[in-house]
Each structure stands twice: as structure tokens, then as C-alpha cells.
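The next block holds one structure in the form of C-alpha cells; read it before the comments.
Both ligands and their constituent atoms are indexed starting at 1 by order of listing. Because the structure is a prediction, the values reported are computed rather than measured. Just so it is clear, the values below take in all heavy atoms, side chains as well, and ignore hydrogens, waters and symmetry mates.
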Amino acid sequence: MNTLELPTNIDIAIIGGGPHALTLATHLLQKRKTMRGRFWVFDPSGTWMSRWNEQFSALEIPHLRSPAVHHPDPNPHGLRGFAENRSPELFPPYDLPGTQLFRDFCENVVQRWQLQNQIISAKVMRLEPPKPSINRRFHLHLENGKVITARRVVSAMGNHVSQLPEWVKQIPPNYPPERLCHSSQVKLPGLNLAGERILIIGGGLTSGHLAVGAIAGHAKVSLMSRRCLYEKLFDADPGWLGPKYLKGFFAEKSWEQRWYLIQQARNGGSLTPAIMTYLRRVSHEGKLTFHEQCQVTAAQWQGENWQVHCDDGTTQEFDRIWLATGNTLNVTTNPLLAEVLEHYPVPIVKGLPVLNSCLSWQGCELFLMGGLAALQVGPTARNLSGARMACDRIVPALTKASVSLNLPA
Ligand SMILES: Cc1cc2nc3c(=O)[nH]c(=O)nc-3n(C[C@H](O)[C@H](O)[C@H](O)COP(=O)(O)OP(=O)(O)OC[C@H]3O[C@@H](n4cnc5c(N)ncnc54)[C@H](O)[C@@H]3O)c2cc1C
């Protein structure tokens, strides 16, 4: 839907149309049918799941890392039921949904819950929080100049500020941009990499996907990580999805300690056993070299290729550098949240805001989903499972006429 048809005064604005927003939309409608028409979703693409779909096709990811129970529909068995005649698209060891299957299922969710027209094609450029002396509503300034007011806002924007190593910031921009990019800018389909030497930096699954794509394109890959590569099925142990670990996490009163527990649980990036097995095989075939416990100190563009210096004293040449170095998770670097922070300052622990237990900001009815809600939701906050856990807290609050905003979380 475009913004012309949208009322200027709405009840709930959801910023972002990814899996977290979709999970919220279905759970709101599941809890109360009358929520239909009370919330609108803003995403520049005007479609659901656009960034998710783009990322999966850009990296040619064949299947999800998370099992089939994690998805945006309130029925945990929904995806398995949908896959009844598509069992080859559920991958071992725990029925990991194939990319196309998951995409089709999410489209089916959108249709079944009649959410096609609930999404507005617009980027929110500025979020003005309520100023009690003047008004009690948020003002959302859209890219086309239109201003929408909303009583409540949910931020489901994902986490997309690329984390770049210090040495990258020292390089003068005199190189072709495609020769040094963050993983979020790489689009494997259509790239001609035959014969190239590619340096991939990072120890998470994204570096694995990039390596698989580069080797399929007949490039020679160097995979560099500052730690030893670490093999794990999931981002975080499944004990983090239930009371096994969450009980202790929620009992922890120190926010700093919770932050450390989150770091420990995720333990930086990791590769799945399947990808590691593949990478070891191609390394034996001479197509890939591991550089573990190694960091770049400087890189120079030499007109045709990169000269890269590392902290182990070596210097090598590469045709491309891909940075699978992740994204920064810091509430203070999100421009949309700057005014909220200014008018409603909240404690921040290592970049994460301390929210109320219903994931609302202290003092105004802004709710956060995704990685920024990790102090309250736990280490899987950014994942599909975290979206459902966030809904357990946000939905009861959004379906109430008012929420208490000043309770300690
Ligand atoms: C390659 C990859 C694979 C992953 N695989 C899995 C997996 O298998 N299982 C799992 O559980 N997790 C996985 N994750 C982690 C996580 O589930 C995804 O990152 C997921 O996309 C997060 O959903 P989201 O809705 O928070 O963010 P996104 O999917 O990024 O959606 C956010 C949306 O907000 C929009 N937006 C941002 N700013 C604005 C604005 N100012 N105005 C309007 N709209 C805005 C964006 O356009 C975007 O469409 C993966 C992550 C990546 C990067």
C-alpha cells in the first residue's frame, strides 16, 4: 500500500517488515482479531521479508540454520504441516527449512493472516517521541515528507550497521568498491570470480557461505579469523530457548552480567559442522587456506590487486576482500532512536538499552524487537526464536489500553 491511502493518525506503527515484524503481526491478530486495522507496518520495500529474502539469495544460502519450529506463524507446527509434500526441503540434522520452502511458507503466512495490505512502502526517516507538554503521540517522518502520528511504535528494524575493522577505515577510497566489501554488499549470483584470490575475513556462518560461493565460482579462498574457527550447530545452545538457561538468566539482576551471559552463549561467530566439513575438504583439495588466529594490520590497493599485511608478519596479494565481520548492535548508533534517547534517557549496557519487561522503553510507548532487546529476551533475541519470545512480552502490552512504563524491567 502507498502512503496516500494511509490515515495520518494511527494506533500502532511497526517499523520494519522482516520476520520479527511478521511474527508480531500474526501474534497480535491471534491474540485479538480486533487488532486488524489498528497497526501498520512501514518498510521501504513495501513487501514483507524483503531484506531476509535478499540476504538469502545474495549469499546463495540453501537452508536456514534454525529448525522448522522457528518461523513467524503462531502455530509452531505450521511450517512442518506446510512442508508435508516437500520433505526433501527439510534438511538434516533437525529439519532445517530450505530457503525456498521458508520463503513460500512466509508468503502463505502473509496471505492466511491477510497482511498484504498492512504494509506501507515507506522508510521512516525520523522518529519524534511524544513530548508530554505538547502531545502524547509519536511523529513518524517518512521519506516522502509525509508525517504520521502513532500512539505506540514498535521498532523491528533489524540490525544493519556493518562492523568494519579499524584497518579498513584507514584505506583511502581509491579502489573499485566491489574489491573490498562487507558481506551485506556481496551478491554472489552473477559474479565472475574464476581464477581470483579472495580473502574472506570472519569466523561466523556468513564467512562460510561466502567461501562456498567463491569456491563454486572457481576462486581460490583464504579464510581468516582472529580466533580459531569454532563449530556449532546453532547460534546459541537450544537450552537458551527455554528454562534450562533462561531461568538463571532472568534471575540475574545485574545487566552487565546478563550482557556477559549473552556474549558467552553466542561466543562470537561459529560455523555449522556441515560447512566446516566442506571447508576442510576443499582445503585438502588446495582450493581454500585457513588463517586462524590471524588479523590484517593494513591493506593497500595496488591498482590491480590488494597487498595485505597480517599480524603474523606475512604479506599476501588478493584480488578481493570480503568482510564477514558482522553488524554492530548499539542503540546509540541508530539514528532513528537518537531523539528518543535524548528525551527519554535509559540505562545502556554495552550498547543495549535496559527496557521494561514488556520490552517498552522507559517513559514512552516505544517497544523494541530484535537484538537490541537481548538484555530482556536473552541471547537468541535477534533470531526467529527471539521474535516469538519478544511477542510473548509485547503482545499482552499492545492489546491493553495502557501499559505501565516506569516499572523496573
Ligand atoms: C544471512 C543470514 C541468515 C540468517 N539465518 C537465520 C536462521 O536460519 N535462523 C534464525 O533464527 N536467524 C537467522 N538469522 C538472524 C535473524 O533471524 C535475521 O537477521 C532476521 O532477518 C532478523 O529479522 P528482523 O525482522 O529483525 O530484521 P530484518 O529481516 O533485517 O528486517 C528489518 C526490516 O526493517 C526495515 N527497516 C530498517 N530501517 C527502517 C526504517 N528506518 N524505516 C522502515 N523500515 C526500516 C528493513 O528494510 C528490513 O526490511 C540470519 C541472519 C542473516 C544475516
Side-chain angles (χ1 to χ4, degrees), residues 3 13-25 40-72 79 91 94-99 101-103 106 119-127 140-144 148 153-163 182-184 186 188 202 204-210 213 233-236 238 240-241 266 269 272 324-327 329 334-338 368-374 377 379-391:
T3 52
I14 303 174
I15 309 178
H20 280 244
L22 184 55
T23 309
L24 178 62
W40 297 94
V41 179
F42 295 84
D43 195 290
S45 66
T47 58
W48 291 96
M49 301 292 293
S50 63
R51 195 178 265 167
W52 171 284
N53 291 335
E54 274 163 30
Q55 282 171 334
F56 271 70
S57 40
L59 298 181
E60 298 178 332
I61 303 176
H63 59 72
L64 276 68
R65 188 175 196 174
S66 51
V69 285
H70 303 304
H71 55 70
L79 175 48
F91 290 78
Y94 289 107
D95 285 352
L96 312 177
T99 299
L101 173 68
F102 191 78
R103 186 177 181 144
C106 289
I119 190 158
I120 313 296
S121 170
K123 181 171 181 178
V124 181
M125 302 302 286
R126 180 178 166 209
L127 177 62
L140 285 82
H141 298 252
L142 308 182
E143 201 165 23
N144 62 3
I148 306 288
V153 172
V154 182
S155 159
M157 291 182 267
N159 156 35
H160 296 284
V161 181
S162 304
Q163 174 122 35
H182 185 261
S183 56
S184 56
V186 178
L188 288 172
L205 188 54
T206 299
S207 63
H209 290 309
L210 288 174
L233 259 181
F234 305 117
D235 280 345
W240 283 106
L241 300 174
R266 298 191 72 90
T272 59
T325 43
N327 297 317
L329 199 54
N334 186 324
L336 222 48
L337 300 178
L368 297 192
M369 298 187 82
L372 287 178
V377 174
T380 63
R382 68 181 75 171
N383 295 103
L384 298 173
S385 53
R388 187 183 298 250
M389 286 152 75
C391 286

Checklist outcome for this item: Applied to residues 44-67, the salt bridge (charged side-chain N to carboxylate O under 4.0 Å, His left out) test, sequence neighbours excluded, yields Arg65-Asp235
Checklist entry - Taking only residues two or more places apart in sequence, or in another chain, which ones meet His182 in a ring pair (Phe, Tyr, Trp, His ring centres under 6.0 Å)? => result none
Checklist entry - What are the two closest non-hydrogen atoms of Leu368 and Ala373, and how far apart are they? => result O-CB, 3.6 Å
Checklist entry - Are any of the side-chain heavy atoms of Trp52 and Phe102 separated by less than 4.5 Å? => result yes
Checklist entry - How would you list, by chain and number, the residues with a heavy atom under 4.0 angstrom from ligand 1? => result Ile15, Gly16, Gly17, Gly18, Pro19, His20, Phe42, Asp43, Pro44, Ser50, Arg51, Trp52, Gln55, Phe56, Ile61, Leu64, Arg65, Ser66, Ala122, Lys123, Val124, Ala156, Met157, Gly158, His160, Leu336, Arg382, Asn383, Leu384
Item to check | Minimum-distance pair of heavy atoms, taken over all atoms of Ser183 and Leu210 | outcome: CB-CD1, 3.9 Å
Item to check | Contacts of type ring pair (Phe, Tyr, Trp, His ring centres under 6.0 Å), residue His71, not counting sequence neighbours | outcome: Phe105
